[in-house]
*Asks:* 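Got a structure for you, questions after.
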Amino acid sequence: CVVVMSYSPSTAMADARMFTVSQTLGRVLCPLCGVSMTPNAANMCVNCVRSQVDITEGLQKHVTVLYCGKCRSYLQPPRTWVKAELESKELLAFCIKRLKNLNKVRLVDAGFVWTEPHSKRLKVKLKIQREVMNGAILEQGYMVEYVVQDNICDSCSRFAANPDQWVAVVQVRQKVDHKRTFFFLEQVILKHGAAVHAINIKQIHDGVDFFFANRSHALKFVDFVGNVIPIKSRHDKHLVSHDTKSNTYNYKFTFSVEICPLCKDDLICLPQKVAAGLGNIGPLVICTRVTDSLLLLDPQTLRSAFVDATQFWRFPYRPLLTSRQLVEYVVLDMENEPGTRAVGGKFSLAFVQVARRSDFGKNDLIFTATTHLGHLLNPGDYALGYDLYGANTNDFELGKYKGFVLPDVVLVKKSYEEKRQKRRGKPRPWKLKNLPMEVDAPTRGRTDDEIQAGDYQRFLEELEEDPEMRAKVALYRNTAYTGNSEVGSITDGEEPPSVPLEELLADLTLEVGSTTGIDREDDDMDGL
C-alpha cells in the first residue's frame, strides 16, 4: 500500500517559522565594578561613568544678581533692567541667561526650587545632557544658587534724589464738564499695564499728567491712548543742559494729548461737510459708542456711521447737548415700526408718546417722537432724553440747515433711576482698582469732590448697562459685599442691569508666608 502525501509551499513557510530562534541581548560585566549590564559605547555602567566624568565641570553653580526693590527689576548686564516676579517665566529665562558656558551642553529641563522669600536666594534646578565617551550621552542634574543683592536702578535713583527728575511728560486733557472718560481710560490702563513705566501720575483739574524717565516710554503710552480713544497729539522739547566739550544735550519732552470732546450719549449736530461725507446722515445724531473711533446713530432713520480720529480732527465740532442735560420722561404709548432694525439688530425704530416726569400734576404736555429704543421701551417705562422743546440750542451749525425742524424730544436710553435710588449707598458685588495718583490739592474743592463722586457713580452705572464697555476693563469680586449675590446682565425690564458673577475676577493677594514655589527634590538621573 502506497500513501501519497502532497507538500505545498505554504506548508514549508509555516514549518520554517516554527523553528525560528528569538535573538537575546547579550550582557557583559562592567570592567570597574563587575556589575552585569547591557553593552554600550562606554563599556561601563551608568554609576561608573558618573564617577569618572562630571559633565557639570566648568559650569557656574553660584551667581550673584542685582535687584531693585522699588521697581522689582533685575539687572541684565550691562545696563538693562528686567522686571520679573518671583518664580515667573521671565525670571527663569533671566536666570538661565546669566549662566556662562551653558552653550557647551544641552539643556533639557529647568525649574525653581522653593526658597524663603526673605532669604535673598534663588535656586534653579537644571537637567543637562552631554556627550562623554565614544558617543555616549550622559544626563545629569545640578543646582544653581543665585545670591540676590539689593541695588537701585538709575531711574529709581534719580526719582529718589529728586521726584521731579523726569525726562518726558504726557499731558492728557479733555474739554468736557465731566470725568467719565478719564475713569474709563484709567481702567483700561490698569488692565493692560500701560502706565507701568510711569514714575509719577498727577491728577489736575482738567486732566492727568503721566511722568516717564524715558522718552520711548512716553511715546509708547501715547500710542496706547490713541488705540483706546480718538485723540490728537503734539510734542515739544525744552533744553535743560548742554555740554559743549562732549557736544551732548539734555532735553525734557512734553507730549500734549487732547481727547475728542464727544462722549457717549451726547447729542450732536453734524456740520454740513461732515454730514455729506457720511452719506447725508443726520444732521442730529447720537454718539452710541466711543473706541478709537466714534459710532454715530441717526435716531430718526437708524442709519449709522463711524468717524475715526483723523476724520474728526479734520473738521472738529462739539456736541449740541451733553449727558448732563438729560431729562427723564415717562412712556405713555408706543408703536413699533415693523421691519426696522439696524446696527446688527441692536436697535429698533418705534413711535412713542412721552411726557416729562417733572410735568406730572402740573400740565398735560405730551410729546410724540421717533426713537431707536423700540426693542427696550414699553408703556409705563422711564427713558432719558434731550428736551429740545424747552432747550436753548444756540448752535452755529444748526442755523445753516434751512427748513430743518427740530424734534421736541430725542430719547437716548432707558432709565432705571427710580429703582437705583434703593441701591445707592450700598456696596456692589464688584469693585475696580485705581492708579496711584497724586491729586493737585490747591485746584480741588468740596464741590469738585462731590461732582467727581457723581461722575464716578454714573460711570459705574454705565459699566452695568453696557457689556461691550465692561469687556474692556477688569472687574474684581468685592469681598466686603455681603448682600444678595443674585445678579445678571439680562433684565426683564423690572430690575436695573447688573454685572454677572462669571465676569468678575478674583483679587489675588500673595502673603509673605505662602508657599507658592515648586520643590523638585527628585534626583533620579537617566543614564546612557
Side-chain angles (χ1 to χ4, degrees), residues 69-73 83 155-156 158-215 217-229 231 233 252-261 263 290 428 430-463 469 472-476 478 480 505 507-509:
K70 293 184 177 296
C71 59
R72 297 182 180 180
S73 53
K83 184 168 292 188
S155 60
C156 293
R158 289 195 300 266
F159 180 74
N162 184 5
D164 295 330
Q165 195 73 18
W166 50 271
V167 176
V169 57
V170 180
Q171 300 174 343
V172 184
R173 303 288 185 269
Q174 188 183 27
K175 299 177 181 178
V176 294
D177 56 354
H178 60 81
K179 296 286 185 181
R180 297 201 312 274
T181 304
F182 288 100
F183 293 143
F184 172 70
L185 182 61
E186 178 186 15
Q187 297 305 318
V188 178
I189 290 173
L190 281 170
K191 182 177 181 179
H192 297 277
V196 68
H197 295 294
I199 61 177
N200 191 20
I201 304 175
K202 188 174 182 180
Q203 179 183 352
I204 62 174
H205 178 67
D206 56 348
V208 182
D209 292 343
F210 297 85
F211 298 90
F212 297 90
N214 293 321
R215 179 175 178 268
H217 294 160
L219 283 171
K220 185 178 179 180
F221 182 78
V222 173
D223 292 338
F224 173 81
V225 176
N227 292 328
V228 176
I229 47 182
I231 64 170
S233 62
K252 280 192 174 182
F253 301 90
T254 302
F255 295 86
S256 178
V257 176
E258 183 178 354
I259 303 176
C260 169
C263 301
V290 179
R428 288 178 167 86
W430 53 275
K431 63 179 181 179
L432 300 173
K433 293 186 177 181
N434 302 105
L435 287 172
M437 290 189 187
E438 175 186 345
V439 181
D440 192 7
T443 61
R444 293 284 298 274
R446 182 177 179 180
T447 306
D448 295 334
D449 292 338
E450 294 175 354
I451 294 176
Q452 184 169 339
D455 291 337
Y456 189 71
Q457 287 298 323
R458 280 188 284 272
F459 168 68
L460 298 180
E461 293 170 0
E462 285 185 4
L463 286 178
M469 182 180 179
K472 299 177 182 178
V473 303
L475 281 71
Y476 299 90
N478 187 5
L505 302 175
D507 193 3
L508 181 62
T509 56

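Heads up: numbering here begins at 1 and tracks the sequence.
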*Asks:* Mind checking whether L432 and F183 have side chains closer than 4.5 Å, heavy atoms only?
*Replies:* no
*Asks:* Take a 6.0 Å sphere around NZ of K220 and say whether it holds more than 12 heavy atoms from other residues, nucleotides or ligands.
*Replies:* no
*Asks:* Rounded at 0.5 Å granularity, tell me how far CD1 in I229 sits from CZ in F184.
*Replies:* 8.0 Å
*Asks:* If you define the side chain from C-beta out and look only at heavy atoms, does anything of F212 sit under 4.5 Å from V167?
*Replies:* no
*Asks:* What are the two closest heavy atoms between H178 and R180, and how far apart are they?
*Replies:* ND1-N, 3.3 Å
*Asks:* Under a 4.5 Å cut-off applied to non-hydrogen side-chain atoms, are D209 and R173 in contact?
*Replies:* yes
*Asks:* Crowded around K202 NZ? As in, over 12 foreign heavy atoms under 6.0 Å?
*Replies:* no
*Asks:* What is the minimum heavy-atom distance between P261 and Q174, and which atoms define it?
*Replies:* CA-NE2, 4.2 Å
*Asks:* Just how far is it from atom CG of L185 to atom NZ of K179, taken to the nearest 0.5 Å?
*Replies:* 12.0 Å
*Asks:* List the steps and the verdict of side-chain contact (heavy atoms from CB on, under 4.5 Å) for V188 and F224.
*Replies:* CA-CA 10 Å; V188 178; F224 173 81; 3.7 Å; yes
*Asks:* Take K83 and V196 through the side-chain contact (heavy atoms from CB on, under 4.5 Å) test and state the conclusion after the steps.
*Replies:* CA-CA 10 Å; K83 184 168 292 188; V196 68; 3.7 Å; yes
*Asks:* Looking at A168 and F255, what are the two nearest heavy atoms and their distance?
*Replies:* CB-CE1, 4.1 Å
*Asks:* Taking the side chain as every heavy atom from C-beta outward, state whether V257 and F210 have any pair of such atoms under 4.5 Å apart.
*Replies:* no
*Asks:* Rounded to the nearest 0.5 Å, how far does CD of Q203 lie from CG of L435?
*Replies:* 10.0 Å
*Asks:* Can you name the closest pair of heavy atoms from F182 and D206 and give their distance?
*Replies:* CZ-O, 4.1 Å
*Asks:* Can you give me the closest heavy-atom contact between Q187 and K433, atom names plus distance?
*Replies:* NE2-O, 2.8 Å
*Asks:* Between Y456 and F459, how do the two ring planes meet: parallel, tilted or perpendicular, split at 30° and 60°?
*Replies:* tilted
*Asks:* Can you tell me how far the CZ atom of F221 sits from the CD1 atom of I189, to the nearest 0.5 Å?
*Replies:* 3.5 Å
*Asks:* Of all the heavy-atom pairs spanning C263 and T181, show the shortest one and how long it is.
*Replies:* SG-OG1, 3.6 Å
*Asks:* Evaluate the side-chain contact (heavy atoms from CB on, under 4.5 Å) criterion for residues N478 and R428: first the C-alpha distance (whole Å), next the side-chain angles of each, then the deciding distance (0.1 Å), finally the verdict.
*Replies:* CA-CA 7 Å; N478 187 5; R428 288 178 167 86; 5.6 Å; no
*Asks:* Would you please test D455 and R458 for salt bridge (charged side-chain N to carboxylate O under 4.0 Å, His left out) and show each step?
*Replies:* CA-CA 5 Å; D455 291 337; R458 280 188 284 272; 2.8 Å; yes
*Asks:* Rounded at 0.5 Å granularity, tell me how far CG in N214 sits from CH2 in W166.
*Replies:* 13.5 Å
